[in-house]
Amino acid sequence: MESKIFAGIIIACIVFIIICIMKRRPDIVINFGLRAFLGTAGIYALDFLLRTQGYDINVGINAVTFATNGLLGLPGFLLLYGLAFYYSL
């Protein structure tokens, strides 16, 4: 029960911070969303392309990869595939 209350407080704080950021600088949130969406779409497309060519390198789509793409953009995308390649050796 306490962990649910703690999670609710954290979610409420994050929502409040996002609303405050959106009031002052909505371009930051839009930029993050576009980078995250395009990076995730790129992961999906590149995973599909590599799988059809017979390579066993794939990056899963989850909250961490979404956030990495949103925060770092193209360098984050390359970082994810670099790590996937390194750990597939």
Side-chain angles (χ1 to χ4, degrees):
M1 181 68 177
E2 289 178 11
S3 63
K4 289 182 183 180
I5 293 172
F6 186 64
I9 291 171
I10 290 175
I11 291 171
C13 289
I14 290 172
V15 169
F16 179 73
I17 290 170
I18 290 172
I19 289 171
C20 290
I21 290 172
M22 286 180 66
K23 281 187 174 183
R24 290 182 182 242
R25 301 270 320 261
D27 59 322
I28 293 174
V29 178
I30 292 170
N31 192 7
F32 174 84
L34 285 175
R35 284 189 299 203
F37 175 74
L38 291 175
T40 304
I43 287 173
Y44 181 77
L46 193 56
D47 277 350
F48 179 75
L49 181 68
L50 291 173
R51 190 172 44 243
T52 59
Q53 298 299 319
Y55 294 104
D56 192 29
I57 299 172
N58 59 352
V59 175
I61 296 174
N62 55 39
V64 175
T65 57
F66 187 81
T68 302
N69 281 319
L71 292 173
L72 300 176
L74 183 61
F77 180 81
L78 297 174
L79 172 72
L80 290 169
Y81 272 98
L83 288 172
F85 177 72
Y86 177 75
Y87 285 114
S88 70
L89 295 178

From [X] [atom1] over to [Y] [atom2], what is the distance, rounded to the nearest 0.5 angstrom?
X	Y	atom1	atom2	value
I28	I18	CD1	CD1	12.0 Å
K4	I9	NZ	CD1	14.5 Å
D27	L34	CG	CG	11.0 Å
F32	L72	CZ	CG	10.0 Å
L78	L74	CG	CG	4.5 Å

Would a hydrophobic clustering, with Ile, Leu, Val, Met, Phe, Trp and Tyr connected at side-chain separations under 4.5 Å, put [X] with [Y]?
X	Y	result
I43	L83	no
L49	L80	yes
I57	L89	yes
V29	I17	yes
F85	I61	yes

Of L46, T40, T65, L50, which is the lone residue that meets side-chain contact (heavy atoms from CB on, under 4.5 Å) with V59?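 The passing option is T65.
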Could you check whether atom CG of D56 has more than 12 heavy atoms from other residues, nucleotides or ligands sitting under 6.0 Å from it?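 Not buried by this count: 12 neighbours or fewer within 6.0 Å.
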Do any N or O atoms from the side chain of N69 and from the backbone of R35 form a donor-acceptor pair under 3.5 angstrom?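 No.
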Using the ring pair (Phe, Tyr, Trp, His ring centres under 6.0 Å) rule, collect all pairs that involve residues 54-82, keeping only residues at least two apart or in two chains.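 Listed once each, the pairs are F77-Y81.
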